[in-house]
Every structure is written in structure tokens, then in C-alpha cells.
Amino acid sequence: MPIPKAKKLEMLRSLLLARRFEEALTELCQIEGKIPGMMILCTGQEAVGAGVCAALQPQDAIISNHRSHSHLLAKGADPKALMAEIFGKRTGCNKGKSGTLHLAVPEVNAPCTTTVVGGGPPIAVGRAFAQQYRQEKAVTVCFIGDGATNEGSFHEALNLASLWALPVIFVCENNLYAGAQRFEEHTRAPNIADRAAGYAMPGVVVDGNDALAVYTSASEARARAVAGEGPTLIEYKTYRWRGHGESDLQLYQPKEEIAAWQATCPIPKLRAEMLAQGLIGAEALQAMESDIAAIVQEAIRFAEESPYPEPHEALEDVFA
Ligand SMILES: Cc1ncc(C[n+]2csc(CCOP(=O)(O)OP(=O)(O)O)c2C)c(N)n1
């Protein structure tokens with residue numbers, strides 16, 4: 001099925017927003033004391049979040065992981081509330097209690113970001129069970145890295161999802177590294193998607209730097225899931241340009257390898273295709289880029305001017 005122009009524009013916008021948002025974070029992190037805690041970015045991998053979320057409906061849920069910015073932005077999270085949260089401010093989407101690593105944006109059906117590697121799949125299965133039980137026409141997407149697929153929880157979750165034909169899409173962003181460990185050092189199978197066969201569900205390998213291919217594959221998986229045909233495991237081959245976190249010197253990533261993957265950047269690929277097909281003009285593209293730069297600038301201003309929470313607020317919104 002041809003991809004509607006509106007969807008292509010949505011993906012281009014998501015890609016540009018995630019990239020600009022994280023470029024700003026890269027700069028901000030280098031200023032002592034500006035942002036507390038660890039900073040984990042998905043620069044280079046944005047086509048996965050952009051393409052998958054463009055294939056979803058508002059009622060669909062996403063469960064994200066430590067590399068969450070592009071997922072949340074593409075699902076519609078407010079950049080101001082996200083930026084303020086990353087700064088640890090009270091106006092953040094989690095009142096400054098999450099920081100960058102545990103972002104939750106329930107209003108766009110992104111109820112949980114877990115940094116427990118492999119923690120997402122069982123949560124996604126629970127969410128999908130609820131969707132099935134309530135007979136909702138909705139799916140849950142679980143974003144995980146390649147390293148997470150070696151956790152026992154991943155395998156238990158795939159088994160149960162398959163057994164109960166749950167509406168889950170397991171999205172593995174294979175960015176070639178889990179921390180400083182290269183893919184071949186932690187997994188013998190050439191493709192993560194091959195593991196789907198063990199759970200009698202489709203396993204698909206897709207170019208994760210091609211937003212349109214990401215969109216198409218996620219749309220197919222969603223259609224299966226809402227038709228009651230159960231889960232799909234999609235492996236998106238991609239690459240993280242930056243270190244595991246911003247303090248990582250990337251000594252284990254060959255410079256030529258980084259350069260080769262940067263040459264397959266998802267943004268110029270989609271941009272060139274849309275320009276060539278006349279789906280966007282040079283002026284409209286320029287306007288989109290300026291608009292996004294202004295949105296990110298405004299998000300930073302908002303975050304910087306917002307107050308930190310008071311110490312007593314640490315005891316609010318807790319269950320015990
Ligand atoms: C259960 C658990 N073990 C170890 C860690 C430390 N840790 C955080 S991220 C990470 C690497 C995860 O790699 P992968 O799943 O491939 O995701 P990526 O970072 O590449 O996006 C590790 C080992 C953790 N957070 N949770």
C-alpha cells in the first residue's frame with residue numbers, strides 16, 4: 001500500500017525534531033551542572049521511533065527503554081514537558097522525579113520507560129493483555145535493544161504473547177552494541193528476528209535507517225495484532241552514532257564504522273526522496289526546520305526558567 005503524503009511529512013518532522021532535540025542535549029550536557037545524571041541518546045536511530053509511531057494510533061501504547069527520546073517525541077510528547085523533566089524541573093512530565101531515564105507520558109499512551117534491560121517486554125505483555133481483555137482495537141509496542149534480547153524476561157514475554165495471541169509488537173533496535181559489547185560478542189544468531197521462530201510468531205529484519213520501510217513493517221505488524229493474529233518481532237538494523245551515554249569515549253567503536261553508518265543517515269534519505277517526489281518543496285522544508293529549531297529553543301527556555309521541586313515533593317505521588 002502506498003504511504004500517504006501526510007504520514008511521510010509526519011515522519012520527516014519526527015526525525016528532524018528528535019535529532020534537533022538531542023543535538024541540543026549533547027551541547028547542554030557539556031555545560032557543567034546544566035543537566036543532572038546520565039545522558040543516553042538515540043542519535044542516528046531516530047527512524048525507528050519515527051516510522052513505528054507513525055504507524056500507530058493514539059490509543060496504542062508504547063513501552064520504552066533508556067534510549068527513549070525519539071520514541072516519546074514521535075508518539076506526541078510535549079517537547080517542553082520532556083525537556084523540563086530532563087532538567088529535573090517541577091514542570092517536567094514527571095514533576096522532575098524521573099529525569100531523562102524514566103520518562104512517562106501517559107497522555108500519549110507512553111506509560112512507562114524502564115531502564116531495567118529486558119524489563120519492558122513483560123510490562124508490554126501486561127498492557128497488551130489488558131487491551132485484549134477489554135476488547136480494545138489497540139496494540140502495545142515494546143522498544144528494546146539487541147542486548148535486552150538475551151534476558152530471560154524477553155523470552156518469557158515472547159512465549160506468553162504468542163500463546164495468548166496478544167496484540168504486541170516487539171521492536172528490537174539492533175544498534176550493534178550493548179554497552180561496550182559488540183553484537184557478535186553477545187549473540188551467536190545472525191539476526192535477532194530469527195528468534196521469533198521459537199515462539200511461532202513472524203520475525204522480520206528491516207533496514208532501521210529507512211523510515212518508510214520501518215513504517216510499512218510496523219503497519220503490517222499492527223494490522224496483524226488488531227486482527228487477533230498475535231505478536232510480531234521486528235528487528236531494525238541501525239546504529240548509534242554516539243556512545244552508550246554521553247560520558248562514553250567510544251574507544252570500542254571504529255571511526256570508519258561510525259562514518260559508514262553516518263553515510264546512511266535516515267534524515268537525508270527521506271528528505272531527498274520527498275523533495276524528488278515533490279512531496280515537500282525547499283521552502284516548506286526550510287520552514288519546517290526553522291519551526292523545529294524554535295520549538296527546541298523554546299523547550300530549553302521553559303526548562304531553564306522552571307523551578308526545581310521542593311524537597312518535600314519527593315514524598316508526594318508515592319504509594320507507600
Ligand atoms: C538488568 C540490567 N542489566 C544491566 C543494566 C546496565 N545497562 C544499561 S543499558 C545496557 C546495555 C543495553 O544494551 P541494549 O539492550 O542493546 O540497548 P542499547 O543501549 O544498545 O540501546 C546495560 C547493560 C541494566 N540497566 N539493567
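Worth knowing before you read on, the calculation uses all heavy atoms, side chains too, and leaves out hydrogens, waters and symmetry mates. Start at 1 with the first residue, then count along the sequence.
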Test item: Thr187 side-chain N/O and Glu184 main-chain N/O as donor-acceptor pair under 3.5 Å: no

Asp60 and Glu136, any side-chain heavy atoms less than 4.5 Å apart: no

Nearest heavy-atom neighbours spanning Val125 and Ala161: CG2-CB, 4.1 Å

Separation between CG of Asp146 and CD1 of Ile192, rounded to the nearest 0.5 Å: 5.5 Å

Any donor-acceptor pair under 3.5 Å from Arg224 side chain to Pro231 backbone: yes

Flag, side chain of Glu185 to backbone of Arg182, donor-acceptor distance under 3.5 Å: yes

Shortest non-hydrogen contact between Ser219 and Ala55, atoms and distance: OG-CB, 3.4 Å

Nearest-0.5 Å distance that lies between atom CE in Met11 and atom CE in Met274: 8.0 Å

Pairwise ring pair (Phe, Tyr, Trp, His ring centres under 6.0 Å) hits with a residue in residues 250-302, at least two apart: Tyr177-Tyr252, Tyr239-Trp261

Nearest non-hydrogen partners of Pro121 and Gly118, listed with the distance: CD-O, 3.3 Å

Close side-chain approach of Lys5 and Gln277, heavy atoms under 4.5 Å: no

Donor-acceptor contact present, side-chain Tyr215 to main-chain Ile3, <3.5 Å: no

Let me have the donor-acceptor pairs involving side chains of residues 100-108, under 3.5 Å, with sequence neighbours excluded, atom names and distances please.
from   : atom 1 : to     : atom 2 : distance (Å)
Thr100 : OG1    : His69  : NE2    : 2.7
His102 : NE2    : Thr115 : OG1    : 3.3

Over all atoms of both residues, closest heavy-atom pair of Met201 and Leu233: SD-N, 3.9 Å

side-chain hydrogen bond (donor to acceptor under 3.5 Å, both in side chains) between His71 and Glu173, intermediate numbers included: CA-CA 11 Å; His71 310 152; Glu173 290 181 72; 2.6 Å; yes

Main-chain N/O of Val139 paired to Gln131 side chain as donor or acceptor, under 3.5 Å: yes

Side-chain donor or acceptor of Asp248 paired with backbone N/O of Gln250 under 3.5 Å: yes

Connected via hydrophobic side-chain network under 4.5 Å: Leu212 and Ile234: yes

Joint hydrophobic cluster, Val206 plus Ile62, side-chain heavy atoms closer than 4.5 Å: yes

Intermediate values then yes/no, side-chain contact (heavy atoms from CB on, under 4.5 Å), Lys75 and Leu72: CA-CA 5 Å; Lys75 193 70 171 70; Leu72 298 169; 5.7 Å; no

Tyr236 OH to Ser217 OG distance, which is reported to the nearest 0.5 Å: 3.0 Å

Distance-only donor-acceptor check, side chains Arg240 and Thr43, under 3.5 Å: no

Atom pair CG (Leu73) and CG (Leu17), whose distance is rounded to the nearest 0.5 Å: 4.5 Å

Side chain proximity check, Ile63 to Val141, heavy atoms < 4.5 angstrom: no

Min side-chain heavy-atom separation Thr140-Ile169 under 4.5 Å: no

Atom pair CD1 (Ile144) and SG (Cys172), whose distance is rounded to the nearest 0.5 Å: 5.0 Å

Close side-chain approach of Met39 and Thr26, heavy atoms under 4.5 Å: no

Lys80/Glu298 under side-chain contact (heavy atoms from CB on, under 4.5 Å): CA gap, chis, key distance, verdict: CA-CA 7 Å; Lys80 276 163 72 174; Glu298 171 59 12; 3.8 Å; yes

N-O pairing of Lys34 and Glu304 below 4.0 Å: yes

Min side-chain heavy-atom separation Gln262-Ile258 under 4.5 Å: yes

Nearest-0.5 Å distance that lies between atom CG in Asn209 and atom SG in Cys265: 7.5 Å

Linked, directly or transitively: Ile292 and Ile267 (ILVMFWY side chains, under 4.5 Å): yes

Salt bridge (charged side-chain N to carboxylate O under 4.0 Å, His left out) partner of Glu313, chosen from Lys95, Arg90, Lys89: Arg90

Asn65 side chain vs Arg67 backbone, donor-acceptor pair below 3.5 Å: yes

For the student: nearest non-hydrogen atoms of Ser153 and Pro122, plus distance: CB-CG, 3.8 Å

Under the salt bridge (Lys or Arg N to Asp or Glu O under 4.0 Å) test, residues paired with Glu10 that sit two or more places apart: Lys7

Carboxylate-amine/guanidinium proximity below 4.0 Å for Glu235 and Lys237: yes

From CA spacing to verdict: side-chain contact (heavy atoms from CB on, under 4.5 Å), Asp317, Asn94: CA-CA 10 Å; Asp317 304 310; Asn94 308 120; over 6 Å; no

Note, Met288 side chain near Arg13 side chain (heavy atom, < 4.5 Å): yes

Non-hydrogen side-chain atoms of Phe87 and Leu28 separated by less than 4.5 Å: yes

Same apolar cluster (I L V M F W Y, side chains within < 4.5 Å links), Leu16/Leu25: yes

Side chain Asp210, main chain Ala213, donor-acceptor under 3.5 Å: yes

Transitive ILVMFWY side-chain link Trp164 to Val168, under 4.5 Å: yes

Nearest heavy atoms of Gly147 and Ala178, plus distance in Å: CA-CB, 3.7 Å

Under 3.5 Å: donor-acceptor pair, side chain of Arg271, backbone of Pro266: no

Residues Gln45 and Thr238: side-chain donor-acceptor under 3.5 angstrom: no

Criterion side-chain contact (heavy atoms from CB on, under 4.5 Å) on Ser70 and Phe21, from CA distance to verdict: CA-CA 9 Å; Ser70 75; Phe21 191 87; over 6 Å; no

Geometric class of the Tyr199/His155 ring pair [parallel <30°, tilted 30-60°, perpendicular >60°]: tilted

Check ion pair Glu23-Arg19 (N to O, under 4.0 angstrom): no

Test item: Glu22 side-chain N/O and Leu41 main-chain N/O as donor-acceptor pair under 3.5 Å: no

